[in-house]
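A quick write-up on the structure given underneath.
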2 protein chains.
Amino acid sequence: MNNRLRVLRAERAWSQQELADRLDVSRQSVNAIETGKYDPSLPLAFRIADVFGLAIEEIFLRD
Amino acid sequence: MNNRLRVLRAERAWSQQELADRLDVSRQSVNAIETGKYDPSLPLAFRIADVFGLAIEEIFLRD
DNA sequence: CTATGATGTAAAGTGACCTTGTCTTACCAG
DNA sequence: CTGGTAAGACAAGGTCACTTTACATCATAG
């Protein structure tokens, strides 16, 4: 399960902390997802999609 | 996090066991997701979307 | 140099997710 | 009616996603 989180965040010039606040999770969680330590829960994946205004399939990719 | 799993499965006349086999999880997991006991992991959500040929957003709904 | 912001990593705890096992109900053959 | 099987629910246990807390590195500003 690959994801384009880092790129999308860079496009908006957000820090991990800034994204974490918008998602209402810890900064470390954002970092862990970006570095591929684990996948987000489905509800969090939806919130991520909402924050970026994209579909889940446009952010998370089947590897 | 609401989902249309039961309806989609009924449309195809699949038992919980049949769907579970296609998803490579236990029959109980399918049941638990249908009855709203919990949400599937993101990878499983993708497999569910693949099995039904739909987007995740068409199966799982923000409540 | 000191301070601050951005990112990465680690250890420990909680609860979500998934399993195995058991149960009920319904249906059909004999 | 009885035995067998299929479908769906429920319970208890284990693994891991996710959180918190804490500490470390590097860059840049003052």
Side-chain angles (χ1 to χ4, degrees):
Chain A
M1 195 93 273
N2 219 349
N3 75 70
R4 309 201 309 121
L5 217 57
R6 175 149 308 190
V7 176
L8 295 170
R9 187 171 61 79
E11 285 175 2
R12 286 154 185 79
W14 291 344
S15 67
Q16 291 182 345
Q17 180 66 64
E18 213 166 333
L19 176 56
D21 290 342
R22 292 173 191 264
L23 295 172
D24 198 34
V25 295
S26 71
R27 176 181 64 82
Q28 285 81 348
S29 290
V30 169
N31 181 64
I33 294 168
E34 278 193 6
T35 57
K37 286 195 74 173
Y38 52 74
D39 296 318
S41 67
L42 189 57
L44 179 52
F46 266 92
R47 272 183 282 152
I48 293 173
D50 288 343
V51 160
F52 288 114
L54 295 171
I56 289 183
E57 280 87 353
E58 295 174 309
I59 302 176
F60 299 93
L61 312 169
R62 302 161 181 77
D63 34 24
Chain B
M1 197 92 274
N2 219 349
N3 74 71
R4 309 201 309 119
L5 216 57
R6 177 150 306 189
V7 176
L8 295 170
R9 188 170 58 80
E11 284 175 3
R12 287 156 183 77
W14 292 343
S15 68
Q16 292 182 342
Q17 180 67 63
E18 213 165 334
L19 176 55
D21 289 342
R22 292 174 191 264
L23 295 173
D24 199 35
V25 295
S26 70
R27 177 173 56 86
Q28 285 81 348
S29 290
V30 170
N31 181 63
I33 294 168
E34 279 193 6
T35 57
K37 286 194 74 173
Y38 54 74
D39 296 317
S41 66
L42 190 56
L44 179 51
F46 266 92
R47 271 182 282 153
I48 293 173
D50 288 342
V51 160
F52 288 115
L54 295 170
I56 289 184
E57 280 86 354
E58 295 174 308
I59 302 176
F60 299 93
L61 312 169
R62 301 160 181 78
D63 33 25

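Residue numbers start from 1 in every chain, and the chains themselves are labelled A, B, ... in the order their sequence lines are given, proteins ahead of strands. Only a predicted model underlies this, so the values are computations on that prediction, with no experimental measurement involved.
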List the atom pairs, donor and acceptor, that lie under 3.5 Å between side-chain atoms in residues 45-60 of chain B and the rest of the protein, sequence neighbours left out.
| from | atom 1 | to | atom 2 | distance (Å) |
| --- | --- | --- | --- | --- |
| B:Arg47 | NH1 | B:Leu23 | O | 2.5 |
| B:Asp50 | OD1 | A:Arg62 | NE | 3.2 |
| B:Asp50 | OD1 | A:Arg62 | NH2 | 2.8 |
| B:Asp50 | OD2 | A:Arg62 | NE | 3.1 |
| B:Glu57 | OE2 | A:Ile56 | N | 2.7 |
| B:Glu58 | OE1 | B:Ala55 | N | 2.7 |

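When rounded to the nearest whole Å, the span between CG of B:Leu44 and P of C:dC17 equals 10 Å. Spacing between atom CG of A:Leu5 and atom P of C:dT7 amounts to 12 Å, rounded to whole angstrom units. Straight-line distance from the CG atom of B:Asp21 to the C1' atom of D:dG8: 15 Å, rounded to whole Å. Atom P of nucleotide C:dA16 and atom CD1 of B:Ile33 are separated by 15 Å, given to the nearest angstrom. Rounded to an integer number of Å, the gap from A:Glu34 CD to C:dT7 C1' is 9 Å. For the pair B:Arg27 CZ and C:dT19 P, the interatomic distance rounds to 12 Å; values are reported in whole Å. To the nearest angstrom, P of C:dC17 lies 12 Å from CD1 of B:Ile48.
Close to D:dG8, at under 4.0 Å from its OP1 or OP2, lies no side-chain N or O of B:Asn31. Within the 4.0 Å cut-off from OP1 or OP2 of D:dA9, at least one side-chain nitrogen or oxygen of B:Gln16 is found. One finds no side-chain N or O of B:Ser41 lying less than 4.0 angstrom from the OP1 or OP2 phosphate oxygen of D:dA17. Distances shorter than 4.0 Å separate none of the side-chain N or O atoms of B:Ser26 from OP1 or OP2 on C:dT20. Residue A:Arg9 places at least one side-chain N or O closer than 4.0 Å to OP1 or OP2 of C:dT7.
Here C:dC17 is the nucleotide among C:dC18, D:dT20, C:dC17 with the atom lying nearest to any side-chain atom of B:Asp39. Side-chain proximity of B:Tyr38 to C:dG21, C:dA6, C:dC17: nearest is C:dC17.
Of the two residues near DNA chain D, B:Glu18 and B:Lys37, the one whose nearest nucleotide lies more 5' is B:Glu18.
The two atoms that bring B:Pro40 and A:Leu42 nearest to each other are O-CB, 3.6 Å, heavy atoms only.
None of A:Lys37, A:Gln17, A:Gln16 except one satisfies the side-chain contact (heavy atoms from CB on, under 4.5 Å) rule with A:Asn31; the exception is A:Gln16.
With hydrogens and angles ignored, no donor-acceptor pair under 3.5 angstrom links the side chain of A:Gln28 to the base of D:dT20. Put simply, the side chain of B:Gln17 and the base of D:dG8 share no donor and acceptor less than 3.5 Å apart.
Look at B:Glu34 and B:Arg9 and you find a salt bridge, because one of the NZ, NE, NH1 or NH2 atoms lies within 4.0 Å of a carboxylate O, short of that distance.
In this structure a side-chain-to-backbone donor-acceptor pair under 3.5 Å is present from B:Asn3 to B:Ile33.
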